Amino acid sequence: MNNIMLSEKQKEVVSFGKGSLLVKASAGSGKTRVLTERICMLAKSTKRRILAITFSNRASEEIKNRLASIDDTLLEKVYVGTFHAFCNYVLEKHGAAIGYKELPHVFSEVEDRMRIVEKAIADTPSLRHLYESKNEKQRNQYKSKSLDVISTIKREVILDEDLTRKINDDEILLYYNYREIMSSLNAIDFDDLLFLTYKLFISNTNIAALYRRNFEYIFVDEAQDLNRAQYMVLRSLTSDENKNVMFVGDSNQSIYGFNGSSSDFMNLDFIQDYNPKVFVLNENYRSTKTILKYANQIIPNSSSLDEVVLEGVTKELCFESVEKETLWVIDKIKLLLQQKKVKDIEGEICTERIAILARNKYVLLPIEERLKKENLPYYYKSSSKGLELSSLSGSIFNLALQVKGNSKDRLHLSQLLNLLKLKNVVSLDDIIKRLENGSIYFETILTILNLKEDGSNFKLCIRQLLSKITNKLLHADENELHIAYSDFNEILNHWLNYEKRTLDRSLISFRNAIALGQTFANNEDKGITLSTVHTMKGQENDIVFLIGMDDMTFPDYRAIEKGGVEMQQEKNNLYVAVTRAKRYLFVTYPLSRIMPWGEVKKRVKSRLLPK
DNA sequence: GAAGGCCCGCTTTTT
DNA sequence: GCGGGCCTTC
């Protein structure tokens with residue numbers, strides 16, 4: 001698309017000067033290109049910096065790559081990152097102003113937060129009794145619900161003085177207890193990143209002013225996904241004199257409502273607070289006619305077909321069972337790969353040009369099984385995630401790294417002791433004395449102890465450990481050595497990714513970068529893409545199979561029960577799914593589904609699909 | 001208060 | 001298809 005001329009409307013947006021603007025850009029309308037070209041144009045004219053905020057690491061990587069490909073010095077002037085990454089960056093620099101003398105650790109693992117909320121419940125007398133009367137499963141449900149309550153307070157930016165009006169007393173106590181535990185561990189969670197940054201900016205207007213001076217222009221991609229905390233952070237970054245803010249978004253693609261986001265921030269608050277000039281980009285440069293007509297049946301007038309030449313293929317197919325559905329998809333894929341060249345798709349068909357999408361990951365399991373059997377290459381598109389370690393040594397390293405960087409982190413210290421089956425030890429120095437000299441665990445802890453805080457010898461230490469493993473200089477069984485080797489390699493790769501993008505390095509900031517998913521190597525594996533609709537957002541593929549389109553699966557049965565906004569979000573989700581396809585789209589659904597407990601349930605076509 | 005019967009809900013999406 | 005909650009009954 002980069003070599004195609006910009007349309008008149010796109011040019012208008014790109015060349016828009018100072019002031020606020022709202023660009024309503026439908027799927028495939030070239031919004032990322034408009035965004036990057038405008039950033040590029042402004043970067044040349046301003047002496048100050050530009051802030052470009054995205055929602056996913058994937059999107060920010062894409063923008064960075066595009067900017068670098070236009071001009072590789074651009075990134076010196078432009079900060080591109082997710083809301084969370086930006087807030088982390090602010091707190092790293094100025095957290096001390098709100099009491100974080102040492103860099104807090106970002107606890108992103110749900111398991112960690114579950115343990116902490118469990119303790120918070122135990123510390124809340126009025127809740128403890130109720131909690132203890134529950135069974136395992138209910139306790140987990142209760143913990144998740146509690147985490148959600150805590151999350152909501154922060155997402156909705158409810159300050160302490162307003163809590164009593166909105167939340168009941170027990171929940172307030174729980175919230176305070178959770179906060180106390182987190183702070184005793186010098187830890188913060190995802191919501192804190194935004195909430196604390198907002199608090200920092202309102203309580204230290206000089207610091208906020210610094211950022212306002214620093215960033216002359218602000219861009220927000222996927223603005224329909226903003227939640228209150230994010231919008232408030234953004235507002236504190238602008239002032240009446242300086243509000244050069246560009247929002248790009250599409251209300252029809254709002255699918256993160258469960259996370260507190262609402263397109264109202266873009267459509268109502270932004271318009272009211274910033275009075276932006278509104279642009280509409282609705283020409284679709286991505287998909288073929290049949291696909292867009294189908295999308296327009298799901299959300300009327302969502303895309304204009306004016307610029308579209310190719311017909312493409314869009315088919316809806318119904319099957320007796322999930323098994324038949326799966327087999328058809330596999331056969332169709334095999335056929336397309338055999339045919340190599342098909343109408344309206346230039347070049348040869350290969351597995352990389354095919355994606356299989358579904359509402360949730362469980363729907364993809366039978367397909368995965370079958371792809372494996374047929375030896376067809378595939379990979380799961382994942383959201384950028386942290387370390388995935390499978391060896392004991394890898395987990396020990398990861399825990400010890402956290403303990404080393406944060407002496408207050410008793411949570412991970414106790415997990416570390418559990419793994420090593422040790423008791424009554426409080427420091428890494430003491431731990432190593434209790435381990436057998438030359439064992440892989442000993443060497444792992446030793447490596448951690450040898451690491452310098454600024455990370456300058458990180459690569460060296462890991463490489464030494466790797467070579468000890470290769471040369472079998474360590475005591476451990478064959479299997480552990482084998483997986484440990486690949487784990488430490490993975491850790492090294494995360495470090496290399498971190499090193500590439502960070503100048504001011506330290507072990508703690510490395511750990512936080514991992515938690516925020518910034519060190520994830522985006523070199524996607526080869527093969528057919530398997531993905532949920534949410535993870536596929538902002539991406540595209542020539543041939544898309546959208547499977548499991550039976551009612552109750554897509555829309556999800558819980559959304560049907562709740563109705564209203566939830567159903568609107570399901571519809572948007574379907575619109576996102578359909579518009580991922582560039583040339584061919586196959587929509588399939590089964591008329592029966594075997595439930596996890598063995599019952600065969602009758603199914604009908606999704607109510608969201610065209611009649 | 002124990003035993004027996006009926007009903008309900010099982011796996012969402014992510015920084 | 002199964003475990004658990006909740007209701008009825010003695």
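No experiment lies behind these values; they were computed from the predicted model shown. We name chains A, B, ... by the order of the sequence lines, and we start the count at 1 in each one.
Among the protein residues, A:Thr535 comes within range of the sugar-phosphate backbone only, with heavy atoms under 4.0 Å from sugar or phosphate atoms but none that close to a base. Residue A:Phe258 is in base contact, counting any heavy-atom pair closer than 4.0 Å across all strands shown. Backbone-only contact: A:Tyr557 has heavy atoms under 4.0 Å from sugar-phosphate atoms and none from a base.
For A:Trp597 and B:dC10, the ring-to-base geometry satisfies the stacking test (centroid distance below 5.5 Å, interplanar angle below 30°).
With A:His94 as the fixed residue, the side chain to side chain donor-acceptor pair (under 3.5 Å) test singles out one of A:Tyr211, A:Tyr89, A:Tyr100: A:Tyr211.
For the pair A:Glu109 CD and B:dT15 C1', the interatomic distance rounds to 13 Å; values are reported in whole Å. At whole-Å resolution of the value, CD1 in A:Ile560 and P in B:dT12 are 14 Å apart.
Other residues, nucleotides and ligands place more than 12 heavy atoms under 6.0 Å from the CD atom of A:Gln297. Counting non-hydrogen atoms of other residues, nucleotides and ligands closer than 6.0 Å to NZ of A:Lys119 gives a total of 12 or fewer.
Atom CG of A:Asn57 sits about 7.5 Å away from atom CG of A:Leu516, to the nearest 0.5 Å.
A salt bridge is absent between A:Asp409 and A:Arg511: the closest approach of a Lys/Arg side-chain nitrogen to an acidic carboxylate oxygen does not fall below 4.0 angstrom.
Residue A:Thr532 has a polar side-chain atom (N or O) positioned under 4.0 Å from OP1 or OP2 of B:dT14.
Comparing A:Gln141 and A:His534 along DNA chain B, the residue whose closest nucleotide (by nearest heavy atom) sits nearer the 5' end is A:Gln141.
The side chain of A:Lys361 has B:dT13 as its nearest neighbour among B:dT12, B:dT15, B:dT13.
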For residues 354-362 of chain A, which side-chain donor-acceptor pairs fall under 3.5 Å, sequence neighbours excluded?
| from | atom 1 | to | atom 2 | distance (Å) |
| --- | --- | --- | --- | --- |
| A:Arg359 | NE | A:Glu570 | OE1 | 3.0 |
| A:Arg359 | NE | A:Glu570 | OE2 | 3.4 |
| A:Arg359 | NH2 | A:Glu570 | OE2 | 2.8 |
| A:Asn360 | OD1 | A:Tyr362 | N | 3.0 |
| A:Asn360 | OD1 | A:Val363 | N | 3.2 |

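For DNA chain C, the span of nucleotides reached by chain A at under 4.0 Å from its heavy atoms goes, 5' to 3', from C:dG1 to C:dG5.
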